[in-house]
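Letters A, B, ... mirror the listed sequences (proteins, then strands); counts begin at 1. The structure displayed is predicted, hence computed values, not measured ones.
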2 protein chains.
Amino acid sequence: MKNNLKVLRAIKNISQEELAKQISVSRQTINAMEKGKYVPSTVLALKLAKYFEKAVEEIFDLEDSD
Amino acid sequence: MKNNLKVLRAIKNISQEELAKQISVSRQTINAMEKGKYVPSTVLALKLAKYFEKAVEEIFDLEDSD
DNA sequence: TTCAAATGTAAAGTTTATTTTACATATTGA
DNA sequence: TCAATATGTAAAATAAACTTTACATTTGAA
């Protein structure tokens, strides 16, 4: 699964740390997600979607391997 | 986090087992989700959304406790 | 009422998400 | 250039997702 977090974050011009704070996770969790190192929980995905005012599907995308 | 899976499944009139097969998880995973026992991964949420032709937000809902 | 299918649940085990700490590198502004 | 801030990464620990097996209960149709 891939995602646009890095771009969305750039548009809002906030750091990984700031985003982490906003949605109450560690900075490493944000970093790891952006680097595609793991798949977040649905709660996290919904929080990110809410924060960026996007649909979950606009941020996260299934891949053939999923 | 809550969800409508039971209702959506009733509309399509398929069993937990059938749904499990469709999205390649165990029946217990479907059952546990419906019973609110745990939060699925985003991959699973996206697969369910695709299967039911709904947005993730139409199936899953954040609660204050999230 | 009876039988089969569907659902609920539980325990044990495996895998994966997430945290914490810590450090190295990159970037940027003064 | 210097210092601060941002990012990448890694290891160890914990929590949570998910599987498998197994069994009990419910439901619905013949």
(request) Check whether any side-chain N or O of A:Asn3 sits under 3.5 Å from a backbone N or O of A:Gly36 as a donor-acceptor pair, and report yes or no. (result) no
(request) Could you pull out the closest heavy-atom pair between A:Lys12 and A:Tyr51, with the gap in Å? (result) NZ-O, 3.5 Å
(message) Quick check on the helix from C:dT1-D:dA30 to C:dA30-D:dT1: what's the angle between its two end axes, five base pairs per end, to the nearest 10°?
(response) 60°
(message) Donor-acceptor check, side chain of A:Glu58 to backbone of A:Ala55, threshold 3.5 angstrom: yes or no?
(response) yes
(request) Provide the closest heavy-atom pair for A:Phe60 versus A:Met1 in the form atom of the first, atom of the second, distance. (result) CD2-CE, 3.3 Å
(request) Please report, rounded to the nearest Å, how far the C1' atom of C:dA5 is from the CD1 atom of B:Ile30. (result) 17 Å
(request) To the nearest 0.5 angstrom, please state how far the CG atom of B:Asn13 sits from the CD atom of B:Glu18. (result) 10.5 Å
(request) Indicate yes or no for a side-chain donor-acceptor contact from A:Thr42 to the backbone of B:Pro40 under 3.5 Å, with no hydrogens or angles considered. (result) yes
(request) Rounded to the nearest angstrom, tell me the gap between atom CG in B:Leu19 and atom P in C:dT7. (result) 10 Å
(message) Could you walk me through whether A:Glu34 and A:Arg9 satisfy the salt bridge (charged side-chain N to carboxylate O under 4.0 Å, His left out) test, starting with their C-alpha distance in whole Å, then the side-chain angles of each, then the deciding distance to 0.1 Å, before giving a yes or no?
(response) CA-CA 10 Å; A:Glu34 286 191 4; A:Arg9 198 167 55 73; 2.5 Å; yes
(message) Tell me the closest heavy-atom pair linking A:Lys54 and B:Glu57, and the distance in Å.
(response) O-OE2, 3.8 Å
(request) For D:dG8, take OP1 and OP2 only and decide whether either is under 4.0 Å from a side-chain N or O of A:Asn31. (result) yes
(request) Using a 4.0 Å cut-off on protein heavy atoms (strictly under), produce a 5'-to-3' string for nucleotides 15-30 of chain D with B for base contact, S for backbone-only sugar-phosphate contact, and - for none. (result) --SSBBBB--------
(message) Please check: side-chain N/O of A:Asp66 versus main-chain N/O of A:Glu63, any donor-acceptor pairing under 3.5 Å?
(response) yes
(message) Expected output is a numbered-order residue list: members of residues 6-18 of chain B with a heavy atom under 4.0 Å from any atom of DNA chain D. What is it?
(response) none
(request) Can you see which heavy atom on A:Val39 is nearest to which on B:Ser41, and at what distance? (result) CG1-CB, 4.1 Å
